**Student:** 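Would you mind keeping the following structure in view while I ask a few things?
The analysis underlying the following values was restricted to heavy atoms, covering all of them including side chains, and did not include hydrogens, waters or symmetry mates. Since we're looking at a predicted model, the values are computed, not measured.
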Amino acid sequence: METSLEKQPYESTKEYGGFWLRFAAYLIDSIIVGIPLTILSIVIFMIFFGASDAFNTMISDPYYMETEMTDEEAFAFMGSYFGALGVTFLVNLVVAVAYFAGLHASKWQGTVGKKLLGLKVTDLNGNRISFWRALGRYLAMAILSGIFLIGYIIAAFTEKKQALHDLIASTVVLKK
């Protein structure tokens, strides 16, 4: 004898990670990634500017740039600055992609912040996402979601609490 309960398919109830919980996880991740990257960025700039005598002279005499700096010294200074800026940008990009995309695609299914708060990133069926999907999700978050924060705000109005980068990558953030 079959009851009406036996005929119904089993469907687990999914509890989605809300805006404030996800914000707290991102804040934790920003601290974890931001502090070492800030220190590394300072070291990179020190290495590049250490090679430029113009920087040392500017530190000792602030009026040097206005009065005595030659064009050659100015170009050396600007070269050091843009070189350090380029290397810092590349290092920051590689570390951020490795951290966010790598951990979202890992068996953890989320960053350290998400793991600490009991969240995980899945596809729409609840499965682990690939590195390429995680990379697309991260790039969409970095480029699109930050514009006027609208990409994050729409999470309050979607049924599955998906931000813009989640909608683009077809992912959801679930509570474990």
**Student:** If you look only at pairs with a residue in residues 101-123, which of them pass as a ring-ring contact (aromatic ring centres under 6.0 Å, His included), with sequence neighbours excluded?
**Tutor:**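 Qualifying pairs, neighbours excluded: none.
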
**Student:** Report the distance from atom CD of Gln109 to atom NZ of Lys115, rounding to the nearest 0.5 Å.
**Tutor:**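 It is 9.5 Å, given to the nearest 0.5 Å.
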
**Student:** Assess the pair Tyr138 and His165: is the distance between their ring centroids shorter than 6.0 Å?
**Tutor:**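 Ring-ring flag for Tyr138/His165: false, centres at least 6.0 Å apart.
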
**Student:** Determine whether a donor-acceptor pair (N or O, by modelled atom type, separation under 3.5 Å) exists between the side chain of Asn92 and the backbone of Thr88.
**Tutor:**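 Flag set: sc Asn92 to bb Thr88 pair under 3.5 Å.
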
**Student:** Hydrophobic clustering (ILVMFWY, side-chain heavy atoms < 4.5 Å, transitive) - are Leu135 and Val94 grouped together?
**Tutor:**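 No, separate clusters.
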
**Student:** Quick one: do Phe75 and Tyr81 end up in the same hydrophobic cluster if we chain Ile, Leu, Val, Met, Phe, Trp and Tyr together by side-chain heavy atoms under 4.5 Å apart?
**Tutor:**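 Shared cluster, no.
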
**Student:** Are Phe131 and Leu124 connected in the hydrophobic side-chain network, where two residues link if heavy atoms are under 4.5 Å apart?
**Tutor:**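 No, because Phe131 and Leu124 fall into different hydrophobic clusters, even though each may have its own neighbours under 4.5 Å.
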
**Student:** Show me, pair by pair, the donor-acceptor contacts under 3.5 angstrom made by side chains of residues 26-49, not counting sequence neighbours?
**Tutor:**
from, atom 1, to, atom 2, distance (Å)
Asp29, OD1, Tyr99, OH, 2.6
Asp29, OD1, Thr111, OG1, 3.2
Asp29, OD1, Gly113, N, 2.7
Asp29, OD2, Thr111, OG1, 2.4
Ser30, OG, Tyr26, O, 2.9
Thr38, OG1, Gly34, O, 2.8
Ser41, OG, Leu37, O, 2.8

**Student:** Indicate every side-chain donor-acceptor pair of residues 167-176 with a distance under 3.5 Å to a residue at least two apart or in another chain.
**Tutor:**
from, atom 1, to, atom 2, distance (Å)
Thr171, OG1, Arg137, NE, 3.2
Thr171, OG1, Asp166, OD1, 2.9
Lys175, NZ, Glu15, OE2, 3.2

**Student:** If I compare all heavy atoms of Ala25 with all of Leu119, which pair ends up nearest, and what's the gap?
**Tutor:**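 What the structure gives for the nearest pair is CB-CD1, 4.4 Å.
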
**Student:** Is there a donor-acceptor pair closer than 3.5 Å between any side-chain N or O of Asn125 and the backbone N or O of Asn127?
**Tutor:**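 Absent.
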
**Student:** Assigning hydrophobic clusters by single linkage (Ile, Leu, Val, Met, Phe, Trp, Tyr; side-chain heavy-atom cutoff under 4.5 Å), is Phe23 placed with Phe100?
**Tutor:**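 Same cluster.
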
**Student:** Working to the nearest 0.5 angstrom, can you tell me the gap between Leu149 CG and Ile154 CD1?
**Tutor:**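 Here the interatomic distance stands at 12.0 Å.
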
**Student:** So which heavy atom on Ser130 is nearest to which on Arg133, and how close?
**Tutor:**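 Nearest heavy atoms, Ser130 then Arg133: OG-N, 3.1 Å.
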
**Student:** Would you compute the distance between atom CG of Leu103 and atom NZ of Lys120 and round it to the nearest 0.5 angstrom?
**Tutor:**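 Nearest 0.5 Å value for the CG-NZ distance: 15.5 Å.
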
**Student:** Nearest 0.5 angstrom please: Leu164 CG to Tyr152 OH, how far?
**Tutor:**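 If I round to the nearest 0.5 Å, the distance is 9.5 Å.
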
